[in-house]
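What follows is a set of notes on a single structure, which appears directly below.
Start at 1 and go down the list; that is how both ligands and their atoms are numbered.
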Amino acid sequence: MKKKLIAGNWKMNGSSAVNEVLLKAVIAGMTGNDCLVAVCVPAPYLAQAQALTASSGIDVGSQDVSQHESGAYTGEVSAAMLKDFGVRYVIVGHSERRQYHAESDALVALKAQRALASGITPIVCVGETLAEREAGQTEEVVKRQLAAVIHANGHCISEIVVAYEPVWAIGTGKTATPEQAQQVHAVLRAQLKAATPHADRVHILYGGSMNAANAAHLLGQLDIDGGLVGGASLKAPDFLSIIAAAR
Ligand code: 13P
């Protein structure tokens, strides 16, 4: 059975001083037989996170990547640059980027493609809004979002990580019930199975108010292979409890 993956998404939080305290505490609290662990940090802290986590078993991730390879794209960071910093994962299509930066399914698919071409694993986020859930459109929405990435990436699709993050559960303290999450994860797994014989290798993470109290139950579901953790990844004891629940 594959190891679970717990990835922290720090979002736009942290400072050199705060990051150092946090990462040292997480590393000190890990037991050596943990699940796969990653922290997705703001771009200016990639080098710091890389240095602090060296040989700790924690991988470093970024929170976004440019769809362009290189050139006159002021402010953008390319996949090759991230690779240069030892980045292992990159989050693409987070709902906050879809919402505040108008990222389309096609753009997210292209970003995933750029990451894969540079040997970085994209963590592809999908998820419905509350209005979409209430309108009974959850499956349709997540399948549309994942289909774009499958279409653009062909046989490489078994190399991605998928994160199901219901938008209504992000930062709200409202979590999908384990059964609600499992239902969507099963839909995503079936979609991956139709695209690759290696769908069982793909980690499908749950994200949205995952915390020390609810992690074990969520992670106990058949198709929940880990978590993409926001707020709780900023507190070492909480993040460590989630890691322990995923062992
Ligand atoms: P919270 O865990 O803070 O709800 O955030 C989830 C998330 O968006 C992770 O990418």
- Query: What atoms in ligand 1 come closer than 4.0 Å to a heavy atom of Glu165?
  - Reply: 6 (C), 7 (C), 8 (O), 9 (C), 10 (O)
- Message: Could you walk me through whether Gln145 and Asp105 satisfy the side-chain hydrogen bond (donor to acceptor under 3.5 Å, both in side chains) test, starting with their C-alpha distance in whole Å, then the side-chain angles of each, then the deciding distance to 0.1 Å, before giving a yes or no?
- Response: CA-CA 6 Å; Gln145 291 171 331; Asp105 295 339; 4.6 Å; no
- Message: Pairs of nitrogen or oxygen atoms closer than 3.5 Å, one from Ser209 and one from ligand 1: do any exist?
- Response: yes
- Query: Taking non-hydrogen atoms only, is Asn9 closer than 4.0 angstrom to ligand 1 via side chain, backbone, both or neither?
  - Reply: side chain
- Task: Pull out every atom of ligand 1 sitting under 4.0 Å from any heavy atom of Gly231, numbered as shown with elements.
- Result: 1 (P), 2 (O), 3 (O)
- Note: Ala169 and Ala176 closest approach over all heavy atoms is CB-N, 4.3 Å
- Would you check whether Gly207 has a nitrogen or oxygen atom less than 3.5 angstrom from a nitrogen or oxygen atom of ligand 1? no
- Task: Indicate yes or no: does Arg98 engage Glu103 in a salt bridge with an N to O separation below 4.0 Å.
- Result: no
- Can you hop from Val60 to Ile120 via hydrophobic side chains spaced under 4.5 Å? yes
- Task: With heavy atoms only and a cut-off of under 4.0 Å, state how Ser233 meets ligand 1: side chain, backbone, both or neither.
- Result: neither
- Message: Quick check on contacts: which atoms of ligand 1 are under 4.0 angstrom from a heavy atom of Gly208?
- Response: 4 (O), 6 (C)
- Task: Heavy atoms only: give me the nearest Ile242-Ala212 pair and the separation to one decimal.
- Result: CG1-N, 4.0 Å
- May I ask you to check whether Ile170 has an N/O atom sitting below 3.5 Å from an N/O atom of ligand 1? no
- Message: Would you say Phe85 ends up clustered with Leu116 if hydrophobic residues are merged whenever their side chains have heavy atoms under 4.5 Å apart, either directly or through other cluster members?
- Response: yes
- Message: Atom CD of residue position Gln183 - does it have more than 12 heavy atoms of other residues, nucleotides or ligands inside 6.0 Å?
- Response: no
- Provide, to 0.1 Å, the distance between atom 5 (O) of ligand 1 and the closest protein heavy atom, together with that atom's residue and name. Lys11 NZ, 3.3 Å
- Output for pair (Ile243 CD1, Ser233 OG), nearest 0.5 Å, gives 9.5 Å
- Atoms of ligand 1, numbered as shown, that sit under 4.0 Å from any heavy atom of Ala169: 4 (O)
- Judging by distance only, is a nitrogen or oxygen of Gly230 under 3.5 angstrom from one on ligand 1? yes
